[in-house]
Amino acid sequence: MRNPLVPIAILFALVILVGEGFFGFFSRWLDPSRSPQHYSHRLEAPLLLTQENGDLVMQPRQQWMRMRLVTMPERRTNTVCCEAEVLEIADSALRCYPAKGRLLLYLKPSALQSMPNKGDIILALASPQRPDSAINPHQFDYRLYLRRKGILHTAYLPANSWRTIGHSNSPTDILHSVRQQLINVIQSSSLSPSQQGIAEALFLGWDNDLDPNTESNFRMAGITHLLCVSGLHVGIVTLLAGWLLFFLSNRRRDRFIRGLFQLIVTWLFVVITGMAPSTMRAGLMFSLMVVGRMFFSRPPTVNAIAASAVILLSANPLLLFNVGFQLSYSAVLAIVLFVRPLEEKIPLPSFEGKLFKPLRWLLQKARSMFCVSLVAQCATAPFILFYFHQFPLYFLVANMIVVPFAAFLLGTVMFMVALSWWPWAFKGVAYLLSALLSATEWVTATVASWPHALITGIWFDQWMLALAIVVVCLLGLLLLRGWRPALPAALTVAIVLLAYSRYDYSKKSSQLCFDVYDLGRSSTAIEFFAGHESYLLCDSVTASNIHSIDFQTNNNRLWHRVDSTTILSLDTTFENPYLLVDRRFVAFAGKSMRIVDRSNYRLRSGFKPRVDYLLLRESPYITVDELRRQYQFDSLIIASQNSWRRANAWKRAIELKEPRTL
């Protein structure tokens with residue numbers, strides 16, 4: 001068999017998909033808390049505290065921990081975020097125990113504290129907490145996401161609860177300090193702040209200094225992959241390293257020398273750029289391809305890609321569910337397999353004579369860039385739609401203009417950094433780079449300004465993902481093997497996909513339902529769905545900053561196929577054929593709801609209103625028996641904004657009686 005590792009990789013991936021998707025086997029097998037030394041076994045039970053208003057709250061205990069920062073700290077709005085490896089943990093009696101395991105830290109530096117660095121040893125009084133799971137309908141499961149990265153808890157450290165007590169010097173830490181020096185070199189250049197952010201992201205994968213408008217333009221133009229170091233950047237560096245030894249022949253000894261140099265340069269680049277999972281994957285993939293070229297004049301590229309996937313999945317089977325893993329391997333496989341057959345299907349005009357040779361060369365490069373962009377986007381489109389629910393409409397235009405210059409841009413940044421010791425040359429190359437980046441910003445801003453540049457709000461579920469992958473595979477089979485039945489089969493599956501999407505959209509046209517969101521103790525929100533319209537009822541603070549709850553509500557809105565949303569405050573008055581809101585009273589689809597909080601929990605009149613739902617928020621000082629005396633209701637809804645003690649008291653009281661609790 002020409003590529004024996006390909007069926008092995010496919011079978012391996014299927015075993016992981018079935019074992020994890022249906023049984024959660026690999027999550028349990030790779031659970032870091034299985035280790036007896038994991039810090040979670042030393043965490044003490046939380047305290048039950050009484051607040052001034054009499055409410056009980058669960059307060060996690062603070063424990064002393066000695067930790068080492070293992071990732072480069074990233075600046076957020078008010079904190080610094082990084083991952084830390086726990087080295088030691090103390091109990092309430094201050095007995096210390098060796099420990100291991102990772103935490104996600106949010107540090108608040110004080111004015112007297114310097115910015116922490118990767119490798120720093122810190123002593124902290126921390127109260128680790130489990131991250132939120134997917135509590136609301138169709139919400140992203142952040143707890144599962146971190147768990148698959150080996151992180152079980154997060155911790156917020158105020159400025160007075162931690163301090164740096166040392167530094168651990170490892171080879172990677174030294175290279176990370178080199179990375180910081182390279183960032184300082186770029187920031188000392190004459191580039192504008194937005195251009196410095198692009199140069200840092202392009203060369204080093206450092207996106208903390210990216211201008212938000214620039215990042216938005218790149219995303220809308222469909223070339224956001226340029227701003228994160230991935231397979232494209234690693235491939236460019238590997239290719240440039242090979243070009244530097246252009247004078248070597250194709251003999252085995254020269255191929256070995258060239259390949260060894262490419263491997264050294266590639267992994268130096270991977271380490272300097274932060275050793276992110278995406279660059280590690282790309283580094284391994286291109287390394288195996290280089291090794292194949294070292295020993296074979298025509299290396300089995302597909303076999304090398306399959307081998308890298310098998311190695312990575314053997315080390316961590318949960319990588320199969322990583323978005324970056326799926327995007328990178330689908331794009332690279334599609335480019336390797338389908339670009340050349342597609343180029344053969346697009347003939348070029350036949351120009352004869354030496355005068356037309358440059359024109360023919362340009363047309364060949366344009367065709368190649370068109371095919372690469374089209375194939376890569378088609379291969380990754382199902383995953384982009386499934387995970388991000390958006391699609392850049394003009395991706396071909398931006399990719400054909402900007403991506404061909406990515407190698408030149410990256411090479412220019414590297415050249416500028418290398419000449420930082422020579423002021424005149426440094427300024428000259430910085431001027432050239434500024435011109436190139438200005439042109440890049442202009443192109444992305446222009447494409448992003450076109451109408452419907454980024455189509456958002458696309459619902460794409462698991463069945464649509466599976467059908468779309470089948471369509472892509474059938475079209476690839478048609479290109480690769482010329483199998484004619486693949487075309488009608490692909491059209492049939494595509495029609496089934498469109499029909500399923502249309503059926504799902506039509507089914508939602510008659511929906512009349514509502515969801516009460518769990519937003520913690522901060523606020524309460526209720527969304528009513530009437531066909532393809534929704535009405536979000538929330539308190540005035542949330543209504544004035546509605547994007548603060550997008551994380552909890554957006555995916556649910558997409559699943560309900562909502563076209564428009566109306567924001568309503570609890571104190572407003574609103575009426576249409578579906579919904580009536582009169583302060584704290586709501587009527588929707590033949591059902592009524594009364595919202596009870598501290599402002600209206602006692603009725604002054606003797607009238608006993610009849611409602612279908614009674615929703616409690618803000619911990620009103622009322623018992624279930626008092627509620628029964630004042631209201632007639634079928635279902636009691638206890639919002640997350642209530643205190644833990646009152647919510648439990650209401651639940652215990654209602655479990656013995658009707659009505660039921662939602």
Side-chain angles (χ1 to χ4, degrees), residues 2-13 16-17 202-205 225-243 255-256 258-340 371-373 375-380 383-384 403 406-407 410 472 476 480:
R2 186 177 177 183
N3 296 302
L5 282 177
V6 173
I8 295 176
I10 294 174
L11 180 62
F12 200 40
I16 296 172
L17 184 64
L202 186 67
F203 177 36
L204 301 168
H225 54 277
L226 290 178
L227 298 179
C228 56
V229 176
S230 58
L232 174 66
H233 303 74
V234 177
I236 289 173
V237 170
T238 306
L239 190 63
L240 289 175
W243 283 352
R255 291 202 310 266
F256 186 83
R258 184 189 296 111
L260 188 61
F261 180 71
Q262 286 179 296
L263 290 175
I264 294 173
V265 172
T266 298
W267 283 100
L268 277 175
F269 179 74
V270 168
V271 174
I272 290 175
T273 53
M275 298 181 69
S278 59
T279 55
M280 294 282 286
R281 287 192 300 269
L284 178 60
M285 189 188 309
F286 283 105
S287 295
L288 292 177
M289 293 168 66
V290 168
V291 170
R293 191 173 294 277
M294 289 167 65
F295 295 99
F296 304 97
S297 57
R298 298 182 64 183
T301 306
V302 177
N303 217 34
I305 296 172
S308 68
V310 170
I311 293 172
L312 290 170
L313 292 177
S314 299
N316 183 7
L318 296 181
L319 270 179
L320 184 66
F321 302 93
N322 183 277
V323 182
F325 181 91
Q326 296 170 6
L327 290 176
S328 60
Y329 273 92
S330 60
V332 172
L333 275 175
I335 290 171
V336 170
L337 291 174
F338 306 133
V339 166
R340 183 170 294 180
C371 293
V372 168
S373 300
V375 164
Q377 194 69 43
C378 289
T380 57
F383 300 102
I384 292 173
V403 173
L410 182 56
V472 171
L480 193 62

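Since the model is a prediction, treat every value here as computed from it, not as a measurement.
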Spacing of [atom1] belonging to [X] relative to [atom2] belonging to [Y], to within rounding of 0.5 Å:
| X | Y | atom1 | atom2 | result |
| --- | --- | --- | --- | --- |
| L312 | L284 | CG | CG | 5.0 Å |
| S287 | I264 | OG | CD1 | 11.0 Å |
| W243 | I236 | CH2 | CD1 | 9.0 Å |
| F286 | T279 | CZ | OG1 | 12.0 Å |
| R340 | I335 | CZ | CD1 | 13.5 Å |
| Y329 | I305 | OH | CD1 | 8.0 Å |

- Message: Using only atom types and a distance under 3.5 Å, with no angle test, would you say the side chain of Q262 pairs donor to acceptor with the backbone of T238?
- Response: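 Yes.
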
- Query: Distance-only, no hydrogens or angles: does the H233 side chain make a donor-acceptor pair with backbone N or O of F203 under 3.5 Å?
  - Reply: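 Checked: no pair found.
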
Give me the atom names and distance for the closest heavy-atom approach of [X] to [Y].
| X | Y | result |
| --- | --- | --- |
| A379 | S330 | CB-O, 3.6 Å |
| G283 | T266 | CA-CG2, 4.3 Å |
| A331 | T380 | CB-CG2, 3.8 Å |

- Task: Taking atom CZ of F256 as the centre, report whether more than 12 heavy atoms of other residues, nucleotides or ligands fall under 6.0 Å from it.
- Result: no

Any side-chain heavy-atom pair from [X] and [Y] closer than 4.5 angstrom?
| X | Y | result |
| --- | --- | --- |
| I384 | Q377 | yes |
| L318 | N322 | no |
| V323 | F383 | no |
| L240 | V265 | no |

- Message: For L268 and V237: C-alpha separation, side-chain torsions, deciding distance, then whether side chain to side chain contact (heavy atoms under 4.5 Å, CB included) applies.
- Response: CA-CA 10 Å; L268 277 175; V237 170; over 6 Å; no

